[in-house]
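Below is one structure; the comments refer to it alone.
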Amino acid sequence: MHIAVCLKHVPDPSTVEVDPLTGLLAEDRVLYMLNPADESALELALRLRPANGTVTALSVGPIEADALLREALAAGVERAARVWDAELGPLKPALTSILLAATLRVIGLPDLVLCGGHSADRGSGTVPALLAEQLDWPAVTDVTRFEITEGRALAQRRLARGARAESEVQLPAVLGLDTERIRLRQASLPKLMQAQHAPIPLYSLEALDLSPQDLHFPAMTLHEVMPPRPRARIMFAPDATASAQERVAQILSAGIAGKSGQKVEGGTPEQQADAIIDFLRQHGFLEQRIAS
Amino acid sequence: MVMTTHEEKMRTVRFRVAATPHIVVNSDICRASCSIHACVYVCPANLFVPLDDGGILFNYEQCFECGTCYIACNQEGAIRWSYPDGGYGVTFRES
Amino acid sequence: MSVATASEVFDVIVVGAGPAGSTAALLCARAGLKVLLLERGEYPGAKNVSGAAFYGSAILNELIPNWWEQAPVERYICRRDIAFMSSTTSVALDFHCAAEGYTTPPYNGFIVLRPRFDRWLAAQAEAAGAFLLTSAVVDDVLRENGRVVGVRVRREQGEIRGKVVIACDGVNSFLAKKVGLQREFHAHELSLGVKEVLGLDPAIIEDRFRLSGDEGIAYEYLGAITEDVHGGAFLYTNRDSLSLGVIGQVSSLVERRKRPYELLERFKAHPAVAPLVRGAKLREYSAHLIPESGWTMKPTLYTDGMLVAGDAAGFCLAAGLYLEGMNYAMQSGLAAAETAIDACRRERYSARALSGYRKHLKQRNVSTDFRAYRHAPAFVNSARLQNLYPEVVASGMEQLFRVDGSAKRKILPLARQLMRQYQLKPGELLRDGYQVVRAYLW
Ligand SMILES: Cc1cc2nc3c(=O)[nH]c(=O)nc-3n(C[C@H](O)[C@H](O)[C@H](O)COP(=O)(O)OP(=O)(O)OC[C@H]3O[C@@H](n4cnc5c(N)ncnc54)[C@H](O)[C@@H]3O)c2cc1C
Ligand code: SF4
Ligand code: SF4
């Protein structure tokens with residue numbers, strides 16, 4: 001079985017500082033690391049690899065990404081490849097998935113692709129699904145556990161509110177993992193030394209036979225990134241024609257109209273109780289009694 | 001922000017935490033035979049917490065790997081000290 | 001950059017990519033030797049802390065001409081200011097020098113930031129052909145028939161062989177101890193330095209410290225700045241930040257039950273320091289040990305197949321007026337490299353073959369400097385110099401300059417009164433005077 005793992009280098013969250021005035025990231029203070037979810041995916045791939053199988057590590061990114069591909073080589077993957085081109089601007093998940101799919105086609109399609117579901121930096125978690133779409137393969141996302149048997153993947157998925165689901169897909173397939181954190185194994189000294197200066201092939205747009213048009217998607221454009229703001233509250237405005245005293249009274253009552261309603265007066269206590277129950281029923285607070 | 005609390009200081013330091021501790025404190029020795037508790041004062045990361053019973057609560061995650069604790073501790077065997085695995089532990093960016 | 005595998009035998013294995021290790025590796029690689037440089041950090045400098053006023057510019061210039069044009073340096077040092085402090089007053093010696101070689105190449109000193117500087121220096125060793133391997137902790141040496149023949153890295157199949165091992169693994173040097181070249185240190189022989197880098201606008205720095213362009217200033221503080229803890233403090237100007245820190249003898253921190261970071265806070269709040277750091281913002285806090293006792297904690301410097309250099313050998317001059325370790329680390333690293341190169345040429349690696357290390361250390365002025373200043377650390381750490389004299393000087397100046405309508409005092413009567421007040425005996429003064437002379441002048 002041949003497995004491909006997609007790795008991303010992300011800023012270590014503990015080194016990310018945003019200048020409160022400019023809103024920009026303090027670039028010179030950031031240290032990068034292998035995205036923790038991808039680290040788990042890589043270690044799982046290595047554990048899953050059968051005797052005659054291979055693991056290939058892929059990363060879309062500038063030269064700095066070579067460091068984590070070397071980490072993968074040292075840990076024992078057979079092959080590593082980096083995808084980058086000076087033409088490329090900021091990476092969007094859709095773009096990343098096109099590049100990954102094209103690279104896999106060029107270097108040879110695997111039986112299984114493992115991706116960390118969410119990246120620590122942006123974490124839209126859409127790359128696995130988009131990649132599967134590009135390859136026209138089945139995908140399972142939010143996978144907490146999986147097993148491969150006889151050409152099929154049986155995966156347990158995390159759903160909202162703690163629910164779980166099981167899915168089974170035919171390989172080749174893409175799995176987006178949402179497992180617990182699994183640490184990458186310590187590389188042996190010989191492997192670490194070997195990986196240190198191992199050449200890492202680079203795939204440019206030309207090598208992938210892609211043109212800038214292929215990377216253009218009118219379907220989705222990012223217009224602006226905005227910091228979260230609290231939702232606007234509608235302020236109560238008093239009736240401008242009322243007297244000052246009345247307006248102050250209106251403001252103090254916070255715009256809530258005086259409560260109107262009926263008083264339950266007269267009758268026996270039983271009758272009064274029935275009147276209250278009727279009122280609650282009318283307003284939907286009590287279910288209609290089923291006629292017995 | 002010139003004056004800072006110890007917590008604020010520690011927040012500026014980057015640690016790549018290893019899976020296993022590189023320093024282990026044998027609290028039984030602290031409890032049985034240490035009256036000075038030097039580690040509590042000297043550790044620049046303030047990682048040694050004295051307990052009511054004379055023992056020590058120690059967490060290795062935010063350690064500078066400076067070695068001050070084992071130099072200051074005068075009880076044989078109370079601190080087992082080594083460096084974390086390669087690439088793990090503290091990573092200074094500017095100091 | 002060389003390609004190498006774990007199964008081959010290296011000529012030289014250097015442990016630790018600090019200033020000692022990287023310079024040693026650089027020189028060995030240039031001599032055509034197969035060099036492995038091992039560093040436990042994620043990158044060279046990741047574990048290292050200094051002031052850092054680097055006074056080894058001339059040494060480095062011999063290896064890499066005009067090194068400062070390509071290296072990450074902050075500012076060159078054109079002024080030094082040594083202040084004697086009481087809790088309220090400070091008396092400073094301000095040394096401003098525009099002499100040849102101070103403000104012109106090769107410059108007397110530069111302020112640097114270690115994570116950046118060390119990474120650059122190790123890259124120079126790499127460029128010269130050394131094999132740099134980071135994330136590699138060395139746990140022990142390999143021995144055969146009593147001689148060192150390599151090291152063991154804490155990883156699977158971690159044994160690797162080398163003809164000469166140079167231990168440049170810093171103040172805690174486990175290697176020197178494992179081989180029996182160094183003993184365990186005592187708490188009075190080591191100081192703990194805690195440091196902060198505080199971000200500050202370059203324009204404010206230049207204005208506040210009266211600097212222009214790339215000029216920088218180094219402040220050193222003695223006396224009450226560390227309260228009753230033996231030690232000192234420093235403040236250096238970087239390009240867009242300040243490096244400041246407090247240094248305290250470990251034994252006296254324990255005795256006085258002082259927490260180092262609290263001393264650091266009080267240092268920043270001292271009336272003489274507060275205006276210098278006003279408006280700055282904390283960027284990084286750090287801590288590291290310093291070998292303080294110089295020559296007296298010097299290990300045996302070599303054994304069969306192994307040499308020790310830098311802080312690992314105690315080559316750090318931390319004695320009041322001086323806090324110099326990086327330059328001595330480099331000088332001793334070079335001396336160790338020269339010894340290793342000789343050994344590899346003659347293909348002899350026994351202790352006797354490596355005994356030329358002494359000669360090389362002497363030629364590089366390392367042993368001569370440390371022998372010359374061997375009395376300084378003990379004197380500097382004596383209670384009188386640490387606490388009493390700075391207080392006397394500061395309080396004397398305070399009285400000398402006070403104008404409150406009472407009669408002006410001449411210096412001599414004032415001195416007599418101060419001696420009474422602080423119970424100083426002429427004999428003691430004489431003895432300490434002699435100590436100063438012995439420690440610094442001869
Ligand atoms: C707060 C402070 C301020 C200082 N100020 C100054 C100053 O202004 N000017 C000055 O000249 N000096 C100063 N010094 C002293 C100076 O920092 C040291 O003398 C100098 O760094 C010594 O260099 P070195 O190469 O011997 O050791 P280090 O710089 O300590 O380098 C040792 C290297 O070995 C690595 N290492 C250690 N053990 C292992 C292992 N087992 N396996 C693999 N790698 C290992 C470490 O990670 C490190 O990179 C200061 C020190 C401190 C603490
Ligand atoms: S670690 Fe050492 S100094 Fe600290 S309490 Fe224990 S015995 Fe005492
Ligand atoms: S090595 Fe230093 S930082 Fe770590 S626990 Fe000991 S004293 Fe504290």
Side-chain angles (χ1 to χ4, degrees), chain B residues 1-18 20 22-23 34-50 62-76 79-95, chain C residues 39-43 45-50 52 113-116 134-137 139 153-155 171-172 174 184-187 190 192 194-198 238 241 243 250-251 253-254 256-262 264-265 268-269 274 277-289:
Chain B
M1 206 184 35
V2 176
M3 306 306 285
T4 41
T5 63
H6 188 259
E7 289 74 38
E8 285 165 336
K9 292 186 202 309
M10 295 307 289
R11 271 205 293 277
T12 63
V13 193
R14 194 248 193 165
F15 297 94
R16 193 165 164 232
V17 178
T20 50
H22 60 289
I23 297 175
C34 181
S35 55
I36 313 173
H37 286 35
C39 56
V40 175
Y41 299 94
V42 294
C43 173
N46 195 16
L47 298 178
F48 293 80
V49 181
Q62 299 206 306
C63 167
F64 290 127
E65 301 150 35
C66 64
T68 311
C69 51
Y70 86 79
I71 293 291
C73 172
N74 54 4
Q75 299 298 323
E76 189 74 31
I79 297 181
R80 205 186 76 217
W81 205 98
S82 69
Y83 290 127
D85 285 354
Y88 286 95
V90 69
T91 300
F92 293 123
R93 289 170 283 169
E94 298 199 69
S95 292
Chain C
E39 165 59 44
R40 67 186 188 90
E42 186 179 335
Y43 47 78
K47 307 285 184 186
N48 300 347
V49 182
S50 285
L113 294 170
R114 293 289 302 275
R116 297 177 190 168
T134 54
S135 299
V137 202
D139 271 340
V153 175
R154 195 192 300 163
R155 282 181 181 274
V171 55
N172 286 313
F174 287 105
E184 286 292 338
F185 294 137
H186 302 297
L190 295 166
L192 171 64
V194 286
K195 180 189 172 182
E196 281 183 359
V197 174
L198 296 168
N238 302 320
S241 60
S243 285
V250 174
S251 57
L253 282 169
V254 173
R256 314 285 179 194
R257 314 221 145 194
K258 287 281 159 65
R259 293 174 189 257
Y261 40 93
E262 289 175 3
L264 187 61
E265 286 310 284
K268 287 186 291 185
V277 297
R278 196 188 305 125
K281 182 180 171 293
L282 180 62
R283 283 162 63 151
E284 191 167 67
Y285 169 61
S286 55
H288 204 281
L289 282 180

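Numbers restart at 1 for each chain; the letters A, B, ... are given by sequence-line order, proteins then strands. Quick note: numbers below take in every heavy atom, side chains included, and nothing from hydrogens, waters or symmetry partners. The shown structure was predicted, so the numbers you read here are calculated from the model rather than taken from an experiment.
Interface remark: C:T134 contributes no atoms to any contact with chain B (heavy atom separation under 4.5 Å). Contacts between B:N74 and chain C at a heavy-atom distance below 4.5 Å are absent for every atom of the residue. Only the backbone of C:A136 comes within contact range of chain B, with at least one heavy atom under 4.5 Å from a heavy atom of that chain. Only the side chain of C:R155 comes within less than 4.5 Å of a heavy atom of chain B; its backbone N, CA, C and O stay farther away. Within the 4.5 angstrom heavy-atom criterion, no atom of C:S251 approaches chain B. Both the backbone and the side chain of C:V49 come within less than 4.5 Å of a heavy atom of chain B. Heavy atoms of B:R11 lying under 4.5 Å from chain C are absent altogether. For C:E196, the part sitting under 4.5 Å from any heavy atom of chain B is the side chain, from C-beta outward, and nothing else. Residue C:E39 does not touch chain B at all, counting heavy-atom pairs closer than 4.5 Å. Contact of B:C39 with chain C is not made at all, since no heavy-atom distance falls under 4.5 Å. C:V194 touches chain B through its side chain: at least one heavy atom from C-beta onward sits under 4.5 Å away, while N, CA, C and O do not. Only the backbone of C:N48 comes within contact range of chain B, judged by heavy atoms closer than 4.5 Å.
Here the shortest heavy-atom pairing between B:E8 and C:L282 reads O-CD2, 4.1 Å. For the residue pair B:Y70 and C:N172, the shortest heavy atom distance occurs at OH-OD1, 3.4 Å. Of all non-hydrogen atoms in B:F92 and C:S286, the two that sit nearest each other are CE2-CB, 3.2 Å. For the residue pair C:L192 and B:P44, the shortest heavy atom distance occurs at CD2-CD, 4.1 Å. Closest heavy-atom contact between C:V254 and B:A38: CG1-CB, 3.6 Å.
Distance check: C:L198 CG to B:E94 CD gives 10.5 Å after rounding to the nearest 0.5 Å. Between the CD atom of C:E42 and the CZ atom of B:R16 there is a distance of 5.5 Å, given to the nearest 0.5 Å. Considering CD1 of B:I71 and CD of C:E184, their distance stands at 6.5 Å, rounded to 0.5 Å.
Residue C:R257 qualifies as enclosed at atom CZ: its count of foreign heavy atoms under 6.0 Å is above 12.
When side chains are defined from C-beta on, C:R283 does not count as touching B:T12, because their heavy atoms never get closer than 4.5 Å. Taking 4.5 Å as the limit, every side-chain heavy atom of C:E265 sits out of range of all side-chain heavy atoms of B:T5. At least one side-chain heavy atom of C:Y261 sits less than 4.5 Å from a side-chain heavy atom of B:K9.
A donor-acceptor pair is defined here as one N or O able to donate and one able to accept, closer than 3.5 Å; no such pair exists between the side chain of C:Y285 and the backbone of B:H6. With C:R40 contributing its side chain and B:P84 its backbone, the two residues share no donor-acceptor pair below 3.5 Å. A donor-acceptor distance shorter than 3.5 angstrom exists from the side chain of C:E284 to the backbone of B:R93, with no hydrogens or angles considered. With hydrogens and angles ignored, the 3.5 Å screen pairs no side-chain donor or acceptor of C:K258 with any backbone N or O of B:Y41.
Heavy-atom pairs under 4.5 Å with chain B were tallied for C:E262, C:K281, C:H186; the largest tally goes to C:K281. Top candidate by heavy-atom pairs under 4.5 Å with chain B, chosen from C:A187, C:A280, C:S243, is C:A280. Ranked by heavy-atom pairs under 4.5 Å with chain B, the list C:V250, C:D139, C:L253 is led by C:V250. Chain C forms more heavy-atom pairs under 4.5 Å with one residue of B:V2, B:T91, B:I36 than with any other, namely B:V2. Most heavy-atom pairs under 4.5 Å with chain C: of the set B:F64, B:Y83, B:W81, this distinction falls to B:Y83. Listed options B:S95, B:G86, B:A45, B:C66 were ranked by heavy-atom pairs under 4.5 angstrom with chain C; first place goes to B:S95.
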